[in-house]
Amino acid sequence: MLQTVFIRENREKVIQALAKRNFDAASLVDEVIALDEKRRHTQVELDTVLSESNKLSKDIGELMKAGEKAKAALIKEKTVQYKEKSKELGETLATVSDELLHALYKLPNTPADIVPEGKTPEENVEVFREGDIPTLFEGALPHWELAKKYDIIDFELGVKITGAGFPVYKGKGARLQRALISYFLDKNTDAGYKEYQVPHLVNEASGFGTGQLPDKEGQMYHVGVDDLYLIPTAEVPVTNLFRDVIIEEKDLPVLCTGYTPCFRREAGSYGAHVRGLNRLHQFDKVEIVRIEKPENSYAALDGMVDHVKELLNELGLPYRVLRLCGGDMGFTSALTYDFEVFSTAQGRWLEISSVSNFETFQANRLKLRFRDKEGKNQLAHTLNGSSLALPRVLAGILENYQTPEGIVVPEVLRPYTGFDIIN
C-alpha cells in the first residue's frame, strides 16, 4: 500500500498519478489524510495522558515513602481518571488506525512516469517484437484439436473429475509439461535465482501482504473452514517468505524462483477466446521474485525482461513485449511489461508473462525492510515475473510447431522430454 506520509505530503501528486489509472482518488485520499490526522492527534493525546499518569505514580511512591498517605490518596484518585482516559483514547486509536488501514487498502499503486495513458488493453504500447510468425500448412489445427488428435490433453476428463478449466495432461503431453517446468527452473537457477518449494495455500495475512486481498478476493478460491486461500501465483507465498523481515543491505538483491500450480476462479470468463488452454482455473507456472534496493529496482526489472526474452528466444516462439497503460495495470504494480506469444492457428496474441515492479507498495504491507550502511531501516522494492506461465506457452508450441507428420518438440526441450516429436 502507499505510505501515509507520502500521501499526506503529496496529495495532488497522488491524485494525478492515480488518474492515469482512471481511478478518481480525491475523496479517498482526503479520507486517508483526515484519518491520519485524527490518528496522530489521538496518539499525542494518549502519550500525554500516559506520561502524566506515570509522573503521578512516581509522586505517589515518594509521598508514601515520606509517610504522607493522605496526599497520596488524593493523587490516586487522579490516576484512576487518567487510566480511564487512557483506555478510552487507546480504543479510539485502535478504531481509527483500523479505519485508516482499510482506507489505504483501497488505493492502488501509483504508476511510474513512463506508464502510458490509456484505459483498455488496446492502448498498451508495444516496445519489442521478436521472431517470425510461421506459415502453417493447409489443415493446421488449434491446440485443443491437436490435443485430442494426439491424445495428450483431455479437457473432457478434467470436466468429469472437477469441472471446466481443469485439464488432464496425458502421455507425451504430461512429459512436455514437466519438461517446460524443469527447463524454466534450470534457466532461472542458472541465472542466480534460488529455488523454493512453497505451500499452495496461504493465510489471509499473506494475501494482504502481496495485495491480492482485498482487491482480488473474488478471483481466489477460499477454503472457508480453515480460512485459507489457494494461491493464484507463486508470487504470494514466495514474497511472503520475507514478511516482517529486515534484510541486511549487503545481502541484497534477493533472487527467488519457484514452481507451483496456480488457482484462479476467472469469474466471468466465457466465449471462444477461453477455449482449450487459453484460460484455466488450475495451471502451472514458474515465477521469479526479486527484492531490491530502491535505486536498483528498475535496472533489475530490465534484467528480468531480458531473462524472459531469452527463454522465448530459445523456445523459438514469436513474441512481443507490451508496456501496459495505466488502465490495464494490476492493482499493486508501478510498471508492468506483458509478454505475448503469437498463436498461429488461432491468429492472435496470447499473454504468457507479466513482469512488474511494485516499488515499496508490497513491502509497506509486508513490513519488508533492509538495514542500510548507516543502520537505518528502509522499505525495499519488490518485483516479480512469470518465467513462465505454461498453458499458453504450451498452446503456442503445439500450434506453431505442428507439421503434417506431428508436433515437433523445440530443440531446447528435447533433453528434458526424451523425444523430438509428438505423433
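Just so we're clear, the structure is a prediction, and the values are computed from it rather than from any experiment. Along the sequence shown, residues are numbered consecutively beginning with 1. These numbers come from the heavy atoms of this one structure, side chains and all, not from hydrogens, waters or symmetry mates.
In this structure, the side chain of R392 engages the main chain of E351 through a donor-acceptor pair within 3.5 Å. Between the N124 side chain and the P121 main chain, a donor and an acceptor come within less than 3.5 Å of each other. A distance-only check finds no donor-acceptor pair linking the side chain of D420 to the backbone of V409 [under 3.5 Å]. Side-chain atoms of N22 do not come within 3.5 Å of backbone N or O of G326 as any donor-acceptor pair. A donor-acceptor distance shorter than 3.5 angstrom exists from the side chain of Q402 to the backbone of L141, with no hydrogens or angles considered. Between the side chain of S86 and the backbone N or O of K83, at least one donor-acceptor pair lies under 3.5 Å. In terms of modelled atom types and a separation under 3.5 Å, the side chain of S386 and the main chain of A389 share no donor-acceptor contact. At distances below 3.5 Å, not a single donor-acceptor pair connects side-chain atoms of S97 with backbone N or O atoms of A94. Between the side chain of S333 and the backbone N or O of L335 there is at least one donor-acceptor pair closer than 3.5 Å. Looking at D251, its side chain never comes within 3.5 Å of a backbone N or O of I247 through a donor-acceptor pair.
Remark: H200 pairs with no residue by the ring pair (Phe, Tyr, Trp, His ring centres under 6.0 Å) rule, at least two apart or across chains. Every side chain to side chain contact (heavy atoms under 4.5 Å, CB included) that K85 has, sequence neighbours left out, goes to E45, V49, E88, L89. Not counting sequence neighbours, P415 has no partner by the side chain to side chain contact (heavy atoms under 4.5 Å, CB included) test. With sequence neighbours excluded, the residues that form a side chain to side chain contact (heavy atoms under 4.5 Å, CB included) with R175 are R178, F419. For E310, the salt bridge (charged side-chain N to carboxylate O under 4.0 Å, His left out) partners two or more places apart in sequence, or in a different chain, are K187. Taking F208 as the reference, Y105 meet the ring pair (Phe, Tyr, Trp, His ring centres under 6.0 Å) condition, with sequence neighbours excluded. In this view, E287 and K285 satisfy the salt bridge (charged side-chain N to carboxylate O under 4.0 Å, His left out) rule, not counting sequence neighbours. The salt bridge (charged side-chain N to carboxylate O under 4.0 Å, His left out) check on K309 picks up D306, with sequence neighbours excluded. Residues that satisfy the salt bridge (charged side-chain N to carboxylate O under 4.0 Å, His left out) test with E249, not counting sequence neighbours, are K293.
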K376 vs R371, side chain to side chain contact (heavy atoms under 4.5 Å, CB included): CA-CA, chis, key distance, verdict: CA-CA 5 Å; K376 182 181 177 182; R371 184 178 290 112; over 6 Å; no
Steps toward side chain to side chain contact (heavy atoms under 4.5 Å, CB included) verdict (F331, F361): CA-CA 10 Å; F331 186 85; F361 193 84; 3.9 Å; yes
Side chain to side chain donor-acceptor pair (under 3.5 Å) between N109 and T332, worked out: CA-CA 5 Å; N109 201 358; T332 56; over 6 Å; no
Derivation of the side chain to side chain contact (heavy atoms under 4.5 Å, CB included) call for V305 and F339: CA-CA 9 Å; V305 168; F339 283 74; 3.7 Å; yes
Step-by-step side chain to side chain donor-acceptor pair (under 3.5 Å) determination, S51 to N54: CA-CA 5 Å; S51 177; N54 290 336; over 6 Å; no
Check against side chain to side chain donor-acceptor pair (under 3.5 Å), E314 and Y183: CA-CA 11 Å; E314 290 191 359; Y183 164 66; 2.7 Å; yes
Intermediate values then yes/no, side chain to side chain donor-acceptor pair (under 3.5 Å), Q378 and D372: CA-CA 7 Å; Q378 299 185 41; D372 64 22; 2.8 Å; yes
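For the residue pair Q362/E235, the side-chain donor-acceptor check at 3.5 Å is satisfied. For the residue pair R290/T382, the side-chain donor-acceptor check at 3.5 Å is not satisfied. Judged by distance alone, the side chains of Y169 and D154 never bring a donor and an acceptor atom under 3.5 Å apart. Between the side chains of Q219 and E266, no donor-acceptor pair is found at a separation under 3.5 Å. Residues D338 and S354 bring a donor and an acceptor atom of their side chains to less than 3.5 Å of each other. Using a 3.5 Å distance cut-off with no hydrogens or angles, the side chains of E195 and N188 do not pair a donor with an acceptor. Judged by distance alone, the side chains of R275 and N278 never bring a donor and an acceptor atom under 3.5 Å apart. Between the side chains of T95 and T92, no donor-acceptor pair is found at a separation under 3.5 Å.
Residue D227 qualifies as enclosed at atom CG: its count of foreign heavy atoms under 6.0 Å is above 12. With a 6.0 Å radius and a threshold of 12 heavy atoms from other residues, nucleotides or ligands, D190 has its CG atom above the threshold. When the shell of 6.0 Å around CD of Q197 is examined, it contains 12 or fewer heavy atoms from other residues, nucleotides or ligands. Atom CD of E411 sits in a sparse spot, with 12 or fewer heavy atoms from other residues, nucleotides or ligands closer than 6.0 Å.
With rounding to the nearest 0.5 Å, the separation of CG in N384 from OG1 in T210 is 9.0 Å. Taking SG of C256 as the reference point, atom OH of Y196 lies at 4.5 Å (rounded to 0.5 Å). We find the NZ-OG distance between K58 and S53 to be 11.5 Å, quoted to the nearest 0.5 Å. To the nearest 0.5 Å, atoms OG (S356) and CG (L383) are separated by 8.5 Å. Atoms CD and CG, from E359 and L301 in turn, are 10.0 Å apart once rounded to the nearest 0.5 Å. Here the CZ-NE2 distance, from R279 to H281, works out to 10.0 Å after rounding to the nearest 0.5 Å.
The two residues N364 and L2 come nearest to each other via the heavy atoms ND2-O, 3.4 Å.
Counting heavy atoms from C-beta outward, L368 and D244 have side chains that stay 4.5 Å or more apart. For the pair K148 and W144, the minimum side-chain heavy-atom distance is 4.5 Å or more. With a 4.5 Å cut-off on side-chain heavy atoms, L180 and L394 count as touching.
Pairs passing the salt bridge (charged side-chain N to carboxylate O under 4.0 Å, His left out) check and including a residue from residues 22-37, sequence neighbours excluded, read R8-D36, R11-D30, D36-R39, D36-R40, E37-R40. Residue pairs meeting the salt bridge (charged side-chain N to carboxylate O under 4.0 Å, His left out) criterion with at least one member in residues 200-222, sequence neighbours excluded, do not occur. Residues in residues 19-53 take part in no ring pair (Phe, Tyr, Trp, His ring centres under 6.0 Å) pair, two or more places apart or across chains.
Using the six-membered ring where Trp is involved, F342 and W349 have ring planes that are perpendicular, over 60° apart on the 30 and 60° scheme.
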